[in-house]
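Here's the structure we're looking at; comments come further down.
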There are 2 protein chains.
Amino acid sequence: MTHESGIPLGIRFKLLSDTPQDSAAQVVNEVVVGDYRDLDTLREFARGCDVITFDHEHVPTEHLKALEADGIPVRPGPDALVHAQDKGVMRARLDAIGVPCPRHRIVRDPADVAAFADEGDGFPVVLKTVRGGYDGKGVWVVDSVEEAAEPFRAGVPVLAEEKVDFVRELAANVVRSPHGQAVAYPVVESQQVKGVCDTVIAPAPDLDGTLALRAEEMALSIAKELDVVGHLAVELFQTRDGRVLVNELAMRPHNSGHWTMDGAITSQFANHVRAVLDLPLGDPRPRAPWTVMVNVLGGDYPDMYSAYLHCMARDPQLKIHMYGKDVKPGRKVGHVNTYGDDLDDVLERARHAAGYLRGTITE
Amino acid sequence: MTHESGIPLGIRFKLLSDTPQDSAAQVVNEVVVGDYRDLDTLREFARGCDVITFDHEHVPTEHLKALEADGIPVRPGPDALVHAQDKGVMRARLDAIGVPCPRHRIVRDPADVAAFADEGDGFPVVLKTVRGGYDGKGVWVVDSVEEAAEPFRAGVPVLAEEKVDFVRELAANVVRSPHGQAVAYPVVESQQVKGVCDTVIAPAPDLDGTLALRAEEMALSIAKELDVVGHLAVELFQTRDGRVLVNELAMRPHNSGHWTMDGAITSQFANHVRAVLDLPLGDPRPRAPWTVMVNVLGGDYPDMYSAYLHCMARDPQLKIHMYGKDVKPGRKVGHVNTYGDDLDDVLERARHAAGYLRGTITE
């Protein structure tokens, strides 16, 4: 999707891909298949690139520093990106700059988790491995000291967090360029199902203006303090007592910003490309009163293409974005966007299409 | 741009390109470099394709028939496409189905041109080679029998047409699928400079509703009668006496439809792809009251990239579409789209950006 948004600007991409079947590898012109964990592969790949950016946060920090030492601009840079790679580093830094987070602490063992629980409202407690988590993986909600054993088995540091009593989840998406320009997209509501993002509503319905502004300012301030270049997604909890707390950070175009492809004047992908190249940023404002994104998860039918006929015929305004991935149950294989004046209608159209593509709606 | 619009649908493209430098060859994943005039090249390329379509009309009709005989669907098919390839065939067919055209006749020599002039209002007369013309090439406006010699030098058939006394040029863009569904984009005004499209305004300002409807119906009827599959652009003259006459036909996404990329719910490129694959068509309605497209022509500065800084900073809502072409004076190297509620503002922004990118505005 980043490549797609770079085409109109005449930006040429060179892609380092794990396999020739990866989504981007199917559509980018110049593809190198290789392992991003291997420094020699990265160095060979980076030769001749004007700038390097990412669609995930898993490239080792020390490799990125080595590329920078070679004179290749890496955006976001390793000193910023580490905050999206390591939840321990992220929490410590957000504390230091005064950004409100759930109560948290690095814990050493189940007894330490019990102590953490006792210091607050007791169990349940949320445990997260500090690195490598994604879409609910590497996250446990534990109700007792016995259940707290599992996260420690991998032998990696574990972060304990209070289980926040939230009304809903929000996301504040901002983009920042090396010369310091930044833009903020409207704050959205993000609805999760089983730890995986399901629906995003832009803007977040019935969100108090002051709270929305606070969330945008928080995201802009994090981007500045952490020297983020490119897109930053700040996942937030809206608490029952009217606060916003930071849940996670992502430094790349993010699922909570996929609505911008059809719903904003400039999409998150286009603005990420512009930021990474230090071009002036595009307008982040919405084009319609409401835009809804619903993820398409893999279902039981491997061939979603045949479902296109129904979805396209039913709703000629529907925007389908498929990633060319093999369908596996529960895997994110695409998303749909709808937009319009009436939120109920826009939501129904997006949910119907995503459900039909997945095979859970058969009307 | 067709590839770009196919990515979200998961449509994989294989491109036959004259050179590795062609615009599409820079961004498509699977590129074969070869000559479309060579049947063996075409046959080898077509193997394994589900369907073949085009971004120009120059593939020889007999080659397309050979591909069809091999069992490869060609859309639009050769029997339709010939009307966009050969102006003589096009005029004869439009006469047969009762579509109004300028007065015309195939002429054999300058004396025949003089006779054609005498039958009407005299000189000037428009002469066109029946095949191979593009952007004003292969078209002459002659004021005397002496000037009429030039077009005959190439030894190809020449079509004479009355020089229509038009108020302005319009274009009616429609898309039709094999199962017979068709959609019509709003009729646009197309402004030419030295025979080359310069500005397109969507919808055409102050166009009488009845005339707009007549133009749309005419385009839909041509698409049906000629069995067009995919995008059909009908270039029209709006005459001083309130008629619309067909000037040219193009059977592919067309410059007069580039505004749809940012200005319509479904772009001409996305609908062309859907039609070619016989998927239900998307909504052709505009997303804003006014959308303006201005072509970016090559100027004296080979590096347009540096002009991005100015254009993007001045207008964060501007949509730039560059084709990755080497800049040559007068060559179409991209276009810009703007949209909004106020036509004067939308026009000014598009013209400024295109002029700045070309180097004719230096503010």
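- Counting all heavy atoms, side chain and backbone alike, B:L9 lies closest to A:M312 at CD2-CE, 3.4 Å.
- The most heavy-atom pairs under 4.5 Å with chain B, out of A:R12, A:E30, A:Q181, come from A:R12.
- Of all non-hydrogen atoms in B:P316 and A:T266, the two that sit nearest each other are O-OG1, 3.7 Å.
- Of the residues considered (B:H335, B:Q317, B:K325), B:Q317 shows the highest number of contacts with chain A, using heavy-atom pairs under 4.5 Å.
- Looking only at heavy-atom pairs under 4.5 Å with chain A, the residue among B:R287, B:M322, B:M261 that has the most is B:R287.
- With a 4.5 Å cut-off on non-hydrogen atoms, B:Y339 touches chain A through its side chain but not through its backbone.
- Contact of B:K319 with chain A is made through the side chain alone, with heavy-atom distances under 4.5 Å.
- Annotation: maximal heavy-atom pairing with chain A below 4.5 Å, among B:G10, B:G324, B:A313, occurs at B:A313.
- Of all non-hydrogen atoms in A:P280 and B:L309, the two that sit nearest each other are CG-O, 3.3 Å.
- Residues A:V28 and B:N29 share a closest heavy-atom pair of O-ND2, 2.8 Å.
- At least one side-chain heavy atom of B:P8 sits under 4.5 Å from a side-chain heavy atom of A:E4.
- For chain A, the nearby parts of B:I320 are the backbone and the side chain; heavy atoms of each come within less than 4.5 Å.
- In this structure, the side chains of B:M1 and A:I7 stay at 4.5 Å or more apart for every pair of heavy atoms.
- With a 4.5 Å cut-off on non-hydrogen atoms, A:I11 touches chain B through its side chain but not through its backbone.
- Considering CG of B:D283 and CG of A:D315, their distance stands at 8.5 Å, rounded to 0.5 Å.
- Within the 4.5 angstrom heavy-atom criterion, only side-chain atoms of A:V31, from C-beta onward, approach chain B.
- Neither the backbone nor the side chain of A:A270 comes within less than 4.5 Å of any heavy atom of chain B.
- More than 12 heavy atoms of other residues, nucleotides or ligands shown are found within 6.0 angstrom of CG on B:D342.
- Note: B:Q26 leads B:Q26, B:R274, B:R285 in heavy-atom pairs under 4.5 Å with chain A.
- Using a 4.5 Å cut-off between heavy atoms, A:L279 contacts chain B through both its backbone and its side chain.
- B:D278 touches chain A through its backbone: at least one of N, CA, C or O sits under 4.5 Å from a heavy atom, while the side chain does not.
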